[in-house]
Amino acid sequence: MDQASYASLVEMKPVLRSAPALQLVHYALEHAASRGWSVAVVVVDAGGEILASARMDGVAAQTLDFAADKAFTAATMRRSTPDFFVRMSSTDELRAGLANRPRLITWEGGLPIVYNGTIVGGVGVSGALGHEDAECAQAALHSLGLGSGT
């Protein structure tokens, strides 16, 4: 097989790098602090692997786990956590199946990270009210000119 034939076997996609992932965490924390909210933030790549994370002083350690699960869900399921909730609550079978899947979570605050129409990762925020978590995630994405696909 020649090189041109191999090109059809591989799809080149953009990859989220660690520097912008750290910036997303910073902007989400900054947004939360400006409103008096205490949160944890996690950014993952498209496969759900953690690139950057932090939690504010006084935020419980398990809150960081919730943020990681939100980011993982958004990246790997390719939709916001509320949109994932709508899908998973559409039938009894899906609802029952969700309970048996570790790391998938439907709480508000997880958004996919979209660059040029491609999902390159996910951001998860946890610790405030759901809509506040989502606001922090959206503000972070907006700060870097990234989309969430929602």
Side-chain angles (χ1 to χ4, degrees), residues 11-150:
E11 183 178 355
M12 302 301 286
K13 292 184 177 184
V15 174
L16 182 62
R17 301 178 67 97
S18 60
L22 287 166
Q23 289 178 309
L24 289 169
V25 168
H26 168 78
Y27 288 127
L29 293 174
E30 188 176 78
H31 187 82
S34 74
R35 283 155 176 73
W37 305 329
S38 294
V39 299
V41 183
V42 175
V43 174
V44 301
D45 64 18
E49 296 298 322
I50 295 174
L51 292 171
S53 66
R55 62 184 165 104
M56 298 170 83
D57 293 341
V59 173
Q62 65 269 29
T63 305
L64 191 62
D65 292 337
F66 296 146
D69 289 348
K70 290 178 184 187
F72 175 87
T73 300
T76 61
M77 300 312 294
R78 308 176 59 77
R79 61 187 71 195
S80 71
T81 47
D83 287 347
F84 183 60
F85 171 77
V86 169
R87 172 70 178 116
M88 296 310 290
S89 63
S90 65
T91 70
D92 290 338
E93 291 167 283
L94 289 174
R95 272 191 300 280
L98 179 61
N100 297 311
R101 299 298 312 162
R103 300 205 60 200
L104 297 179
I105 194 167
T106 60
W107 300 342
E108 200 167 359
L111 295 174
I113 302 169
V114 179
Y115 176 77
N116 285 343
T118 299
I119 294 176
V120 295
V123 57
V125 179
S126 193
L129 298 176
H131 69 278
E132 295 167 346
D133 291 343
E135 183 181 315
C136 293
Q138 189 63 58
L141 293 175
H142 181 74
S143 70
L144 292 185
L146 296 167
S148 65
T150 60

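These numbers come from the heavy atoms of this one structure, side chains and all, not from hydrogens, waters or symmetry mates.
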Please report the closest heavy-atom contact between [X] and [Y], naming both atoms and the distance.
X     : Y     : value
His31 : Trp37 : CD2-CZ3, 4.2 Å
Val39 : Val41 : CG2-CG2, 4.1 Å
Met56 : Ala32 : SD-CB, 4.2 Å

Could you work out, with side chain to side chain contact (heavy atoms under 4.5 Å, CB included) as the rule, every residue matching [X], not counting sequence neighbours?
X     : value
Ser38 : Val59
Ala75 : Val44
Leu22 : Ala52
Ser34 : none

Enumerate the side chain to side chain donor-acceptor pair (under 3.5 Å) contacts for [range], please, sequence neighbours excluded, ordered by first and then second residue.
range          : result
residues 13-22 : none
residues 59-70 : Lys70-Asp133
residues 40-56 : none

Who pairs with [X] by salt bridge (charged side-chain N to carboxylate O under 4.0 Å, His left out), at least two apart in sequence or on another chain?
X      : value
Glu132 : none
Arg78  : none
Asp92  : Arg95

(request) Check the surroundings of atom CZ in Arg87: do more than 12 heavy atoms from other residues, nucleotides or ligands lie under 6.0 Å from it? (result) no
Give, for atom [atom1] of [X] and atom [atom2] of [Y], the distance between the pair rounded to the nearest 0.5 Å.
X      : Y      : atom1 : atom2 : result
Arg35  : Cys136 : CZ    : SG    : 7.5 Å
Glu135 : Leu129 : CD    : CG    : 11.0 Å
Met88  : Met77  : CE    : CE    : 6.5 Å
Leu51  : Leu24  : CG    : CG    : 9.5 Å

(message) Applying ring pair (Phe, Tyr, Trp, His ring centres under 6.0 Å) as the test, list every pair that has at least one member in residues 67-94; sequence neighbours left out.
(response) none
Exercise answer: donor-acceptor pairs, residues 104-126 side-chain atoms, under 3.5 Å, sequence neighbours excluded:
none

